[in-house]
Amino acid sequence: MKPRALLNKTYALLSGKFGPGNWWPIVKNGRPLYLPEYLTRERTPAEIFEIAVGAILTQNTSWGNVVLAIDNLKRAKVMSRKGISDTPLDTLAEMIKPSGYFNQKAKKLKALIYYIDTGLKGSLSRLREFPPDRARESLLSVWGVGKETADSILLYGLGMPVFVIDAYTRRIFSRMGAVDKDADYDAIRAYFEKHTGRDINLYREFHALVVAQGKDVCKNKPLCDACVLNKICPASGGENR
DNA sequence: CGCCAGGTTGTTG
DNA sequence: CAACAACATGGC
């Protein structure tokens, strides 16, 4: 199957099964909120900040654990540039403990704050003053911010057209025969950006669908019988079945 | 109990 | 430059 047809079909099938994801969630009263308005309005500076914090905390970590950590920060009034800045490293680490790797991630959050203060004059919104590729390279200069984290901030926070790739994307689309199983991050990203329309909300929804599919169906041990892609996926017994 | 989460960095051959 | 180790909690 040609790339454009494969991606279009895959999106349609996953969308039909899972529906809208309305990413990136904001945590309120200990629960993540997924609102349709996130796809139709610009994110506030406070939301962009929370997305950046969440993107760091969720590195190799389940979202449920991240919600616990974010809730701790919010209840302590620490979910802000100043809040994290004013909180001692050890205290911060204690607050984000549920998200795992807490010592390392506390340092990453501090590095993010240092970057916002010294490089962005106090707000991630300043990244809007750069073209996407420049904003990306700026974020990547921060210790603890890698490609997926940077791209999540750009796509979901700032509304820039970068496709987010993660471990699920690689697993699903290598099983589909679309990408090489050890293709590098930017090669997979280029594949998606080249063969889909340059549409922010498509990028957002597509990535959310990939995560849902990866979690529920296309697991380490795939549940091909329950998979809506099984007719077009070689791994389920071949294309056409 | 074992496995695995919406990765990134540092070290080693 | 690729492979591998370190980082760590919580849910199923």
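Naming convention: chains lettered A, B, ... in sequence-line order (proteins, then strands); numbering from 1 in each chain. The figures that follow rest on heavy atoms only: side chains count, while hydrogens, waters and symmetry mates do not.
Exactly one of A:V210, A:V179, A:V164, A:V211 qualifies for a side-chain contact (heavy atoms from CB on, under 4.5 Å) with A:T169. That residue is A:V210.
Between A:K215 atom NZ and C:dC12 atom C1' the separation is 13 Å, expressed in whole Å. If you measure from atom CG of A:D182 to atom P of C:dA2, you get 10 Å, rounded to the nearest angstrom. Counting to the nearest Å, the P atom of C:dA8 and the CG atom of A:L92 are 13 Å from each other. Taking atom OH of residue A:Y168 and atom C1' of nucleotide B:dA5, one finds them 6 Å apart after rounding to whole Å. Between A:F102 atom CZ and C:dT9 atom P the separation is 5 Å, expressed in whole Å. For A:L68 and C:dA8, the CG to C1' distance is 14 Å, given to the nearest whole Å. Rounded to whole angstrom, the span from the CG atom of A:N72 across to the P atom of C:dG10 amounts to 10 Å. Rounded to an integer number of Å, the gap from A:W63 CH2 to C:dT9 P is 19 Å.
Pairs passing the ring-ring contact (aromatic ring centres under 6.0 Å, His included) check and including a residue from residues 138-173 of chain A, sequence neighbours excluded, read A:W23-A:Y156, A:W24-A:Y156, A:F163-A:F192, A:F163-A:Y203, A:F163-A:F206, A:F173-A:F192.
Here A:S152 lies out of heavy-atom contact (under 4.0 Å) with every strand. Nucleic acid contact for A:V67: none, since no nucleic acid atom lies under 4.0 Å from a heavy atom of the residue. Using a 4.0 Å heavy-atom distance criterion, A:F206 is classed as making no nucleic acid contact. Using a 4.0 Å heavy-atom cutoff across all strands shown, A:A69 reaches no nucleic acid atom at all. At a threshold of 4.0 angstrom between heavy atoms, the contacts of A:R204 with the nucleic acid are absent. Among the protein residues, A:G144 comes within range of the sugar-phosphate backbone only, with heavy atoms under 4.0 Å from sugar or phosphate atoms but none that close to a base. If you check every strand for non-hydrogen atoms under 4.0 Å, A:V145 touches sugar and phosphate atoms only.
Closest of all the heavy-atom pairs between A:R175 and A:C218 is NH1-SG, 3.2 Å.
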### Task
Give the dot-bracket string for DNA chain C, reading 5' to 3', where a pair is Watson-Crick or G-U wobble with both distances under 3.5 Å, ( ) marks pairs inside the strand, [ ] marks pairs crossing earlier ones, | marks a partner on another strand, and . marks unpaired.
|||||||.||||
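Side-chain N or O atoms of A:S152 include one that pairs as donor or acceptor with a backbone N or O of A:E148 at under 3.5 Å. Although no hydrogens or angles enter the test, the distance criterion places no donor-acceptor pair under 3.5 Å between the side chain of A:R43 and the main chain of A:G159. A donor-acceptor pair under 3.5 Å is absent between the side-chain atoms of A:S138 and the main chain of A:R134, judged by distance alone.
Nearest to the side chain of A:S62, among B:dC4, C:dC7, B:dA5, sits B:dA5. Distance from the side chain of A:K108 is smallest to B:dG7 among B:dG7, B:dA5, C:dT9. Closest to the side chain of A:E148, out of B:dG7, C:dG10, B:dA5, is B:dG7. Distance from the side chain of A:T149 is smallest to B:dG7 among B:dA5, C:dT9, B:dG7. Of the candidates C:dG10, B:dC4, B:dG7, the closest approach to any side-chain atom of A:Q104 belongs to B:dG7. Here the side chain of A:W143 is nearest to one of C:dC7, C:dG10, B:dT9, namely B:dT9.
One finds no side-chain N or O of A:N60 lying less than 4.0 angstrom from the OP1 or OP2 phosphate oxygen of C:dA8. Between A:R171 and the phosphate of B:dC4, there is no side-chain N or O to OP1/OP2 separation shorter than 4.0 Å. OP1 and OP2 of C:dT9 both lie 4.0 Å or more from every side-chain N or O belonging to A:N65.
Taking atom C1' in both B:dA5 and C:dA3, the straight-line distance is 22 Å, to the nearest Å. B:dG7 and C:dC12 have their C1' atoms separated by 22 Å, with the value rounded to a whole Å. Atom name P, nucleotides B:dT8 and C:dG10: the rounded distance is 22 Å, in whole Å.
Proximity of A:E193 to A:P161: side-chain heavy atoms (C-beta onward) are nowhere separated by under 4.5 Å.
Looking at which nucleotide of DNA chain B each of A:K219 and A:L140 is closest to, the 5′-most match is held by A:K219. Between A:T61 and A:K147, it is A:T61 whose nearest contact on DNA chain B lies nearer the 5' terminus.
A salt bridge between A:R41 and A:E47 is present, with a side-chain N of the basic residue lying under 4.0 Å from a carboxylate O of the acidic one.
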#### Entry: Derivation of the side-chain contact (heavy atoms from CB on, under 4.5 Å) call for A:L223 and A:K219
CA-CA 7 Å; A:L223 307 178; A:K219 310 184 190 193; 3.9 Å; yes
